[in-house]
Amino acid sequence: MPNLDDVCFDVVTGLNIGKRERQEDAVIADFPLGSPLGFAVLSDGMGGHASGDVASGIVVTELFSELKMLAENPEALEANIGDALQVAVAGANDCIRLYEKENPNARGMGATLVAPILFGNRLYWVSIGDSPLFLFRGGRLFRLNEDHSYAAQIDELHARGVIPLEEALNHPDRSCLISVMSGGQIAKVDYRTEPMRLQEGDILLAASDGLLSLTEKEISEVLSDQSDASSQQVGAALMQAVHAAGDPEQDNLSICLIKVQSREAMLARKPDEDAEVCAVEDRSEDESQVASEVMHIDRTARAGRVHTVLSLSRKVRNA
């Protein structure tokens, strides 16, 4: 493992509306120059017209604001990471409750949360719901955080031989959540308050469940094929793979991908000369217009730390 001072993070965040009418995911990452601390916050809103987009926005805004304020003293934050995350989660959940109280039409909204926090090569996280946090290391994909959905319990029943595979895969309650941020009591929260040590070459991937239209094997294959690429290229490849899967009910998709590498490797990598725009086209014969998903790249290099934003918007043009 390189010296802690030599560890750099190549980070990308991305959003895709999928086949839904509205975007209810939200994601943000912050890896500032000169700070040993970097973090990301991702939330998948639920409730549709009951303001799921507002719920995810509240979660991301409140968690980001709290962590950003505490980041002014990273040593104190890491020393008290458990308490700090509990306070941040409670504050965001209270904001959802207050919003529902003042906006009765929003009752029933909620959101998941997954937030990895890094102090150099030391990883902590907090998560609620089914949004996964993966670690790709040595060619293998590991899910780090708990899955707060009935899917995990159903899969355990299958593993014990209680129900057959087909019934487990098609169970009507697979996507139901057992814990969510909705303003009331939160049933389960997954806090990682002891550091997990990252290694050079590790890839962290936080995502909404829209990514799970791909199997873990397919996600692993994309990450393996792109292991030497920049985070922007890896993120684009994941988005392309989800698009290629062709799920007619594709959910909103949000990702935050973090590559851990040495400063030497980061500086040696050439900038992507053709990273201005990548397009994925959908040429449905049943549509009178052709819609293309245009990926706009906003790339900022910060003394060896790179943060890229993939913001995907639907652009309609004449056929």
Engineer: Find the distance between CG (Leu214) and CD1 (Ile219) and round it off to the nearest 0.5 Å.
Structural biologist: 5.5 Å
Engineer: Can you tell which of Leu253, Asp251, Asp247 makes a side chain to side chain contact (heavy atoms under 4.5 Å, CB included) with Ser213?
Structural biologist: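 It is Asp247, the one option of Leu253, Asp251, Asp247 that forms the side chain to side chain contact (heavy atoms under 4.5 Å, CB included) with Ser213.
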Engineer: Distance from Met239 atom CE to Ile255 atom CD1, nearest 0.5 Å?
Structural biologist: 4.0 Å
Engineer: Quick one: CG on Leu118 to CG on Leu198, what's the gap to the nearest 0.5 Å?
Structural biologist: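 Rounded to the nearest 0.5 Å, the CG-CG separation comes out at 5.5 Å.
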Engineer: Would Val89 end up clustered with Tyr99 when hydrophobic side chains under 4.5 Å apart are linked, directly or stepwise?
Structural biologist: yes
Engineer: Would you mind listing every ring-ring contact (aromatic ring centres under 6.0 Å, His included) that reaches into residues 167-195, with sequence neighbours excluded?
Structural biologist: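 The answer is none; no pair qualifies.
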Engineer: Take Asp25 and Ser208, measure what side chain to side chain donor-acceptor pair (under 3.5 Å) needs, and give me the verdict at the end.
Structural biologist: CA-CA 7 Å; Asp25 286 1; Ser208 64; 2.8 Å; yes
Engineer: Are the aromatic rings of Tyr124 and Phe39 close, with centres under 6.0 Å apart?
Structural biologist: no
Engineer: Rounded to the nearest 0.5 Å, how far does CD of Gln23 lie from OG of Ser56?
Structural biologist: 7.5 Å
Engineer: Do the non-hydrogen side-chain atoms of Leu257 and Ile203 ever get within less than 4.5 Å of each other?
Structural biologist: yes
Engineer: Are the side chains of Glu156 and Arg160 in contact, using a 4.5 Å heavy-atom criterion?
Structural biologist: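 Counting from C-beta outward, Arg160 and Glu156 do come under 4.5 Å.
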Engineer: Give, for atom CE of Met109 and atom CE of Met181, the distance between the pair rounded to the nearest 0.5 Å.
Structural biologist: 10.5 Å
Engineer: Please confirm whether the backbone N or O of Ser224 pairs with a side-chain atom of Ser227, one donor and one acceptor, at under 3.5 Å?
Structural biologist: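 Yes; at least one donor-acceptor contact below 3.5 Å.
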Engineer: Would you say Met46 ends up clustered with Tyr150 if hydrophobic residues are merged whenever their side chains have heavy atoms under 4.5 Å apart, either directly or through other cluster members?
Structural biologist: no
Engineer: For Ile128, does its backbone N or O pair with a side-chain atom of Ser179 as donor and acceptor, under 3.5 Å?
Structural biologist: no
Engineer: Are the side chain of Lys188 and the backbone N or O of Asp147 linked by a donor-acceptor pair below 3.5 Å?
Structural biologist: no
Engineer: Side chains of Leu223 and Phe134: closer than 4.5 Å at any heavy-atom pair?
Structural biologist: no
Engineer: Any donor-acceptor pair under 3.5 Å linking the side chain of Glu62 with the backbone of Ala88?
Structural biologist: no
Engineer: Look at the side-chain heavy atoms of Ile, Leu, Val, Met, Phe, Trp and Tyr, link any pair under 4.5 Å apart, and say whether Val162 and Ile154 land in one connected group.
Structural biologist: yes
Engineer: Would you mind reporting whether Leu205 and Leu141 have side-chain heavy atoms less than 4.5 Å apart?
Structural biologist: no
Engineer: What distance do Gln250 atom CD and Arg20 atom CZ have between them, rounded to the nearest 0.5 Å?
Structural biologist: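 The CZ atom of Arg20 is 8.0 Å from CD of Gln250, to the nearest 0.5 Å.
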Engineer: Under a 4.5 Å cut-off applied to non-hydrogen side-chain atoms, are Arg122 and Arg197 in contact?
Structural biologist: yes
Engineer: Counting distance only, does the side-chain N/O of Ser220 pair as donor-acceptor with the main-chain N or O of Glu216 below 3.5 Å?
Structural biologist: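 No.
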Engineer: Does Asn103 reach the side chain of Ser51, with side-chain heavy atoms less than 4.5 Å apart?
Structural biologist: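 Contact flag for Asn103/Ser51 side chains = no.
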Engineer: Could you tell me which residues satisfy salt bridge (Lys or Arg N to Asp or Glu O under 4.0 Å) with Arg97, sequence neighbours excluded, listed by chain and number?
Structural biologist: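 Partners of Arg97 under the salt bridge (Lys or Arg N to Asp or Glu O under 4.0 Å) test: Asp94.
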Engineer: Is it true that a side-chain atom of Lys259 and a backbone atom of Val12 form a donor plus acceptor pair closer than 3.5 Å?
Structural biologist: no
Engineer: If Ile, Leu, Val, Met, Phe, Trp and Tyr residues are connected whenever their side-chain heavy atoms lie under 4.5 Å apart, and connections chain through other members, are Ile178 and Val189 in the same group?
Structural biologist: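 In one cluster with Ile178: Val189, no.
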Engineer: Counting distance only, does the side-chain N/O of Arg192 pair as donor-acceptor with the main-chain N or O of Glu194 below 3.5 Å?
Structural biologist: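 Yes; judged by distance alone, with no hydrogens or angles, the pair exists.
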Engineer: Strictly distance-based, threshold 3.5 Å: is any side-chain N or O of Asp202 a donor or acceptor partner for the main-chain N or O of Val260?
Structural biologist: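 Not confirmed, Asp202 side chain does not pair with Val260 backbone.
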Engineer: Do you see a donor-acceptor pair shorter than 3.5 Å between the side chains of Ser149 and Asp130?
Structural biologist: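 Judged by distance alone, the side chains do not pair up.
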Engineer: With side chains defined as the heavy atoms from C-beta onward, is the minimum distance between Trp125 and Val114 less than 4.5 Å?
Structural biologist: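 Trp125 does not reach Val114 side chain to side chain.
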Engineer: For the residue pair Arg107 and Asn105, confirm or rule out a side-chain donor-acceptor distance under 3.5 Å.
Structural biologist: no
Engineer: Starting from Leu98 and following side-chain heavy-atom contacts under 4.5 Å between hydrophobic residues (I, L, V, M, F, W, Y), which residues can be reached?
Structural biologist: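 ILVMFWY cluster around Leu98 holds nothing else.
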Engineer: Which of these passes side chain to side chain contact (heavy atoms under 4.5 Å, CB included) with Val27: Val41, Asp44, Thr13?
Structural biologist: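 Of the listed residues Val41, Asp44, Thr13, the side chain to side chain contact (heavy atoms under 4.5 Å, CB included) partner of Val27 is Thr13.
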Engineer: Would you kindly confirm whether Met196 and Phe9 end up in one hydrophobic cluster when ILVMFWY residues are joined by side chain heavy atoms under 4.5 Å apart?
Structural biologist: yes
Engineer: Show, in sequence, the C-alpha distance, side-chain angles and deciding distance for Ser231 and Asp10, and conclude whether the side chain to side chain donor-acceptor pair (under 3.5 Å) test is met.
Structural biologist: CA-CA 6 Å; Ser231 65; Asp10 184 4; 2.7 Å; yes
Engineer: Checking Asp30 side chain against Gly38 main chain: does a donor-acceptor pair fall under 3.5 Å?
Structural biologist: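 No; zero donor-acceptor contacts below 3.5 Å.
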Engineer: I want to check something: taking the side chain as every heavy atom from C-beta on, are Leu77 and Phe119 in contact at a cut-off of under 4.5 Å?
Structural biologist: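 They are in contact (side-chain heavy atoms under 4.5 Å apart), so the answer is yes.
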Engineer: Could you tell me whether Arg140 atom CZ has more than 12 heavy atoms of other residues or ligands within 6.0 Å of it?
Structural biologist: no
Engineer: Do any N or O atoms from the side chain of Ser43 and from the backbone of Thr112 form a donor-acceptor pair under 3.5 angstrom?
Structural biologist: yes
